[in-house]
> 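This is the structure I have questions about; it appears just below.
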There are 2 protein chains.
Amino acid sequence: MLITIDFSSDEAIYMQLRNQIIIAIATDRIREGDTLPSVRQLAESTGVNMHTVNKAYSVLKQEGIVKLDRRHGAVVALDLNKAQALGELKCEIQMAIAKAICKNISIDEVHMAVEEIFNRYKE
Amino acid sequence: MLITIDFSSDEAIYMQLRNQIIIAIATDRIREGDTLPSVRQLAESTGVNMHTVNKAYSVLKQEGIVKLDRRHGAVVALDLNKAQALGELKCEIQMAIAKAICKNISIDEVHMAVEEIFNRYKE
DNA sequence: ATACTTGTTATACTAATACTATCACAAAAG
DNA sequence: CTTTTGTGATAGTATTAGTATAACAAGTAT
């Protein structure tokens with residue numbers, strides 16, 4: 001796990017952590033059952049406060065991506081409720097697509113954008 | 001234009017305004033050249049401060065969706081730079097798709113979600 | 001000309017969020 | 001018994017969101 005923080009970014013640090021971990025799982029660099037660094041370790045290696053890492057882990061737990069355990073730390077454990085995940089996905093991309101429609105972007109162009117992003121993760 | 005604010009929402013008020021205007025354009029209820037209410041009018045009708053509306057309009061201006069003019073107020077004026085709009089779209093849906101991949105959602109399921117959202121706007 | 005409306009700017013204040021900093025605790029591992 | 005785990009309490013700073021007033025220059029209407 002190589003995680004780096006851009007302190008000059010306007011994106012919250014705990015979201016940067018959350019995003020990089022999600023991308024690591026999507027690209028199969030982290031797998032189900034793998035253990036994430038402890039909050040203190042990751043805080044140390046990224047130069048960030050312990051509670052900021054803890055917040056990132058809490059978000060991932062809330063999203064059904066990791067489980068937090070006092071003995072093993074944070075473990076990747078995907079909650080594969082597809083119906084719920086699909087509902088969340090639609091919510092998250094809804095406004096982006098509305099804006100795309102305003103900009104005269106066709107549905108085919110959106111599909112192509114989806115393909116491109118998918119290919120970024122699948123090898 | 002019927003705009004309402006959910007004051008108990010965790011979404012920022014200026015983003016609620018911005019989103020509803022974008023949806024109104026996507027659904028063709030507002031069209032190119034149409035004039036939006038003045039910052040004071042919309043602030044009055046939604047029970048919100050003038051500056052909050054002004055911030056929403058500034059965001060829409062920044063996104064190339066309206067033009068602000070001292071004589072006519074806020075006018076819908078789409079900046080149809082497709083390359084840029086597509087780039088922004090990819091940025092905005094990137095993490096949502098990464099998370100979907102974590103949840104074992106297939107690319108076809110994402111395409112279907114896109115279709116569903118598109119149909120929400122196109123009649 | 002006068003009155004009104006437009007976006008815009010400035011100042012000031014409150015509330016909430018993000019982040020940091022310490023200290024501490026119970027549970028599990030070595 | 002010591003270390004490491006997540007977790008909680010408390011406290012402080014910085015930034016953002018939102019409100020409240022006031023004012024200004026530029027355009028519109030009468």
Side-chain angles (χ1 to χ4, degrees), chain A residues 1 3-22 30 33-79 95, chain B residues 1 3-22 30 33-79 95:
Chain A
M1 273 302 291
I3 290 187
T4 53
I5 297 301
D6 178 5
F7 289 99
S8 64
S9 168
D10 55 337
E11 186 148 54
I13 295 176
Y14 76 95
M15 283 302 286
Q16 292 187 43
L17 292 171
R18 174 258 187 196
N19 288 347
Q20 292 189 44
I21 290 169
I22 285 185
I30 306 179
D34 284 357
T35 303
L36 298 178
S38 76
V39 289
R40 286 165 232 257
Q41 278 177 354
L42 188 50
E44 169 72 19
S45 69
T46 52
V48 157
N49 189 273
M50 186 184 66
H51 292 98
T52 306
V53 177
N54 191 260
K55 180 158 188 181
Y57 282 3
S58 296
V59 170
L60 289 166
K61 176 187 179 184
Q62 167 70 23
E63 296 183 296
I65 292 176
V66 307
K67 278 189 177 172
L68 300 182
D69 195 328
R70 214 184 298 264
R71 20 189 189 202
H72 310 106
V75 180
V76 177
L78 285 324
D79 173 16
M95 284 312 306
Chain B
M1 272 303 288
I3 290 186
T4 53
I5 297 299
D6 177 5
F7 290 98
S8 65
S9 167
D10 56 338
E11 184 148 57
I13 295 177
Y14 76 96
M15 283 302 286
Q16 291 187 43
L17 293 171
R18 175 259 188 194
N19 287 348
Q20 291 189 43
I21 290 169
I22 285 184
I30 306 179
D34 284 357
T35 303
L36 297 179
S38 75
V39 288
R40 287 163 233 257
Q41 278 176 354
L42 189 50
E44 168 73 19
S45 69
T46 53
V48 158
N49 189 273
M50 185 185 67
H51 292 98
T52 306
V53 177
N54 191 260
K55 181 159 186 179
Y57 282 3
S58 296
V59 171
L60 289 167
K61 176 188 179 183
Q62 167 70 24
E63 295 183 296
I65 292 177
V66 307
K67 278 190 178 171
L68 300 181
D69 195 326
R70 213 185 298 264
R71 11 176 203 210
H72 309 107
V75 180
V76 178
L78 286 325
D79 173 15
M95 284 313 305

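Letters A, B, ... are given to chains in the order of the sequence lines, protein chains preceding strands, and every chain is numbered from 1. In what follows, every heavy atom counts, from backbone to side chain, and hydrogens, waters and symmetry copies are set aside.
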> Over how many whole Å does the gap from A:Gln62 atom CD to D:dG6 atom C1' extend?
17 Å

> Answer whether the closest heavy-atom distance between the side chains of B:Asn49 and B:Ile13 falls below 4.5 Å.
no

> Assign a letter to each nucleotide of nucleotides 25-30 of chain C from its 5' end: B, base within under 4.0 Å of a protein heavy atom; S, sugar-phosphate only; -, no contact.
-BSS--

> If the cut-off is 4.0 Å, is B:Ser38 near the phosphate of C:dT6, judged by side-chain N/O to OP1 or OP2?
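Affirmative; the distance criterion is met.
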
> Is B:Glu63 close to B:Leu60 at the side-chain level, that is, under 4.5 Å between some pair of heavy atoms?
yes

> When you match A:Thr52 and B:Leu36 each to their closest nucleotide on DNA chain C, which lands nearer the 5' end?
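It is B:Leu36 whose nearest nucleotide is closer to the 5' end.
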
> Roughly, in whole Å, what's the span from CG in A:Leu17 to C1' in C:dC19?
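Checked: the CG to C1' distance equals 12 Å.
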
> Between atom CG of A:Leu36 and atom CG of A:Asp34, what is the distance when rounded to the nearest 0.5 Å?
8.0 Å

> Specify the separation, in whole Å, of atom CD1 of B:Ile5 and atom C1' of D:dT19.
14 Å

> Tell me: CG of A:Asn49 to P of D:dT7, nearest whole Å?
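The answer, rounded to whole Å, is 15 Å.
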
> Can you tell me if B:Lys55 touches the phosphate of D:dA17, counting only side-chain N or O atoms and a distance under 4.0 Å to OP1 or OP2?
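Indeed, a polar side-chain atom of B:Lys55 lies that close.
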
> Report, one pair per line, the protein and nucleotides 9-13 of chain C atoms (nitrogen or oxygen only) whose separation is under 3.5 Å.
{"from": "C:dT9", "atom 1": "O4", "to": "B:His51", "atom 2": "NE2", "distance (Å)": "3.0"}
{"from": "C:dA10", "atom 1": "N6", "to": "B:His51", "atom 2": "NE2", "distance (Å)": "2.7"}

> Looking at B:Gln62, I want to see if its CD is surrounded by more than 12 non-hydrogen atoms of other residues, nucleotides or ligands under 6.0 Å.
no

> Looking at A:Asp6, A:Asp10, A:Ile5, which hits side chain to side chain contact (heavy atoms under 4.5 Å, CB included) with A:Ser8?
A:Asp6

> Would you say B:Tyr57 and B:Pro37 make side-chain contact, with heavy atoms under 4.5 Å?
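Touching, per the 4.5 Å side-chain cut-off.
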
> For the residue pair B:Lys61 and B:Leu68, what are the closest heavy atoms and their distance?
CD-CD1, 3.9 Å

> Is there a side-chain contact between B:Met95 and A:Arg18 in this structure, where contact means two heavy atoms from C-beta onward sitting under 4.5 Å apart?
yes

> Which whole-number value in Å describes the distance from A:Leu42 CG to D:dT4 C1'?
16 Å

> Shortest non-hydrogen contact from B:Ser9 to B:Gln16?
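Heavy atoms of B:Ser9 and B:Gln16 come nearest at CB-NE2, 3.5 Å.
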
> At a heavy-atom distance below 4.0 Å, what parts of residues 6-15 of chain B sit against DNA chain D?
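Result for residues 6-15 of chain B: B:Ala12, B:Ile13, B:Tyr14, sorted by number.
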
> If we only count heavy atoms from C-beta on, is the A:Val75 to A:Val66 side-chain gap below 4.5 Å?
no

> Do you know the tightest heavy-atom contact between A:Leu42 and A:Thr46?
O-OG1, 2.5 Å

